[in-house]
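Before any comments, here is the structure.
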Amino acid sequence: MQNIQQYTSRIMRHIRAEWQLYLLLAPTIIWFIVFLYVPMYGLQIAFKDYSIFKGVAASPWVGLEHFYTLFESEQFMRAIKNTLILSGYNLLFGFPMPIILALGFNEFTKAFFKRTAQTVVYLPHFISTVIIAGIVMSVFSPSVGVVNLLLVQMGFDSVYFLVQPEWFRPIFIGTGIWQEAGFTSIVFLAAIAGVNPSLYESALVDGANRWQMMWRITLPSILPTIIIMLIIRIGNILEVGFELIILLYQPSTYETADVISTYVYRQGLQNAQYDLAAAAGFFNAVVAFVLVLTANTISKRVTKTSLW
Amino acid sequence: MSGVSLSKMTKRYGIVEVVRGIDLEIKPQEFVVLVGPSGCGKSTTLRMIAGLEEISDGTVKIGDRVINEVAPKDRDVAMVFQNYALYPHLSVFENIAFGLRIRKVDKKVITQSVNDVANTLGLTEYLERKPADLSGGQRQRVAMGRAIVRHPKIFLFDEPLSNLDAKLRTQMRAEIKRLHKRLKVTSIYVTHDQIEAMTLADRIVVMNDGRIEQIGTPMELFNNPVNTFVAGFIGSPPMNQLNAIVNDVDGRLVAKVGNSLITLPKIKALANSSNREVIVGIRPEHVLLQASATSSPIAIELELVETLGSEALLHTQIAKTPFVVKAETRFGDVSHLDKVTTLHIEPDLIKVFDADTGMALATAIQD
Ligand SMILES: Nc1ncnc2c1ncn2[C@@H]1O[C@H](COP(=O)(O)OP(=O)(O)OP(=O)(O)O)[C@@H](O)[C@H]1O
Ligand SMILES: [Mg+2]
């Protein structure tokens, strides 16, 4: 008892002494509480037979029933599969791209070219996803889309890209890369800028060419950053670009395009099955949490780099 | 072994000239130290020799070959950087081996050479460690090892010891000296620590504002600085400089400093120079506390006595100008120094400089 008192009084003293820092921290903490922790109260409906009229507290418990329903549902299993496949491709093609871009930018010696090229690849990031989706739709449109016009010019038949399930994945992954790779490369460029320039000079005197410097100095030096980014990426592996999918998919492409988040959206908001949607969302969160923990632990063991 | 020869070597950034046409001949196996105040262009000079900076004008030769346009890797030089420039992700072994690996040297030869170098530098037990797990001195040694292992024609050092504490610096200084004695590789060493310059150099090059002020052996620079800049730079503490007016007192040339008259050495350039303004240079260690047959007395105001052990520094003022004296203590006892009011100065140990140009008027001591 006395220990606890001592402990609290020590914390209070600390807060009084460093109150400016806590004040700066306050908005973030409040944001987290209001938007992330308070809503967690509602998570319990994943284990309840939720009725809007009875409210969260009064709805009866049903245990894991919703989870059984989910895992017996073909649609949900398909959503899990699609989520994993899209994320997998995204990781495979989307993750290395910004690194390659950053390494490429670093090789530009003329500041003007470097700046221009960077601006060009950053731009899509600042365009809203709705507009991105609009651009994609018009580019791949069967009648007026640039792609189909080119195909027809070259003597092929025009393809109805956006209604064919087999085209959804490449288009989605490609759009994602186009939209974000440039902007994400900033992180790696910053890491490259932090490399001690005398390492390069020393390597130059030692006889290394640019290629060798890239492989033997730049890449190893930014490896910690790459790993941190990879951990974050793996943690988010179940969060594929929800908005872009909602905007691009159609019932005919659900087969490859429907992912957990879009499934949750349809069940929860369109079909008003809030409890089932909450269960799906909860499952998603738990898996994501386990993934982050695992990635972080592995990275800590293997490379001594970790988020915490 | 090759020498290095710089001729009218110039570096311009835009319109700013930071190295203003340097001429310097470095003999094979020589250890040359570039000293000068911060920003005087020492690093730039070194980096031009290494090929890390373009040469704006003039030529650099290594041996008989003009290397202005030669890529750094083909100049056969090795450089040790102030911050060591060790690769943090590589072990000590791989750091030393880096240059050889780049050059695709045979694996067995690499292992052999790295082990030899590690042995020379006492790094054998650290070969598997990463630079982050080494002390400052050990890192410094790895940086040296990386240079040595390639057997270059020229070693370039840019303030390699300035990140070390005083004790380690002294120790590493001796080690560098020993290494040079053994390997006899032509070395150019940049520092702004004049003690390093004095102890390491075969010849010292004193630079100021992109120019060479004087080139000479450490003792030449100590005994015969060509101008007040070199006089104020070499020696620790540096030479005292007093403004004075030359007077002719009964055919004897004296310098009038405040109310004191100091007998000057017999210098031709001073003949018939009554009333000429000069700067009188007196080294702190050349001041006497007791009068000798030829010395002239000078009144001082004692401000502070600093004890260094067997020696003490007397901080005094002569005619409102600071004047430092190095004197011996009596086994650490300085009570006799606290009472000093008059110093005695031997004419032959005085340097005289022109007040306008700062150039030495002649050399009084020949050696
Ligand atoms: N890239 C550059 N652009 C413009 N000026 C430069 C550049 N690099 C160096 N300088 C200038 O050149 C001058 C000489 O620099 P340098 O690094 O050779 O000095 P230094 O003698 O090595 O000094 P220190 O003892 O501080 O290392 C400095 O005045 C510096 O400001
Ligand atoms: Mg420098």
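Note that these values count all heavy atoms, side chains included, but never hydrogens, waters or copies made by symmetry. Chain letters run A, B, ... following the sequence lines, proteins first and then strands; every chain starts at 1.
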Notebook entry, point to check: Side chain, backbone, both or neither: which part of B:Leu86 has a non-hydrogen atom closer than 4.5 Å to chain A?
Noted result: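 It is the backbone, since no side chain atom gets that close.
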Can you confirm whether [X] sits close enough to [Y] that some side-chain heavy atom of one is under 4.5 Å from a side-chain heavy atom of the other?
X        : Y        : result
B:Ile96  : B:Leu123 : yes
B:Leu161 : B:Tyr189 : yes
A:Phe168 : A:Ile245 : yes

Next item on the list: Give a yes or no on whether the backbone of B:Asn115 and the side-chain of B:Asn119 come within a donor-acceptor separation of less than 3.5 Å.
Entry: no
Check: Is the side chain of B:Thr191 donor-acceptor paired with the backbone N or O of B:Ala197 at a distance under 3.5 Å, no angle test?
Finding: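 Looks like no, no N/O pair under 3.5 Å.
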Kindly compute the distance separating [atom1] ([X]) from [atom2] ([Y]), expressed to the nearest 0.5 Å.
X        : Y        : atom1 : atom2 : answer
B:Asn68  : B:Lys61  : CG    : NZ    : 10.5 Å
B:Met48  : B:Ile67  : CE    : CD1   : 11.0 Å
A:Ile132 : A:Phe126 : CD1   : CZ    : 11.5 Å

Margin query: For the interface with chain A, which of B:Gly51, B:Ala85, B:Ala71 has the highest count of heavy-atom pairs at distances below 4.5 Å?
Written below: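 Among B:Gly51, B:Ala85, B:Ala71, the one with the most close pairs to chain A is B:Ala85.
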For a quick check, list the donor-acceptor atom pairs closer than 3.5 Å between chain B and chain A, or say none.
unit_1	atom_1	unit_2	atom_2	d
B:Arg47	NH1	A:Glu201	OE1	2.7
B:Arg47	NH1	A:Glu201	OE2	3.0
B:Arg47	NH2	A:Glu201	OE2	2.6
B:Asn83	OD1	A:Ser198	OG	3.0
B:Asn83	ND2	A:Ser198	OG	3.3
B:Tyr87	OH	A:Ala203	N	3.4
B:His89	NE2	A:Arg216	O	2.8
B:Arg103	NE	A:Asp206	O	3.0
B:Arg103	NH2	A:Asp206	O	3.1
B:Arg146	NH2	A:Ser202	OG	2.7
B:Arg150	NH1	A:Val205	O	3.4
B:Arg150	NH1	A:Asp206	OD1	2.7

Next item on the list: Give the C-alpha distance, both sets of side-chain angles, the deciding distance and a yes or no for side chain to side chain contact (heavy atoms under 4.5 Å, CB included) between B:Glu175 and B:Met144.
Entry: CA-CA 10 Å; B:Glu175 224 161 290; B:Met144 302 274 299; over 6 Å; no
Margin query: Give the interface residues of residues 26-37 of chain B toward chain A, defined by a heavy-atom separation under 4.5 Å.
Written below: none
Next item on the list: Take A:Leu244 and A:Val136, measure what side chain to side chain contact (heavy atoms under 4.5 Å, CB included) needs, and give me the verdict at the end.
Entry: CA-CA 10 Å; A:Leu244 192 60; A:Val136 171; 5.6 Å; no
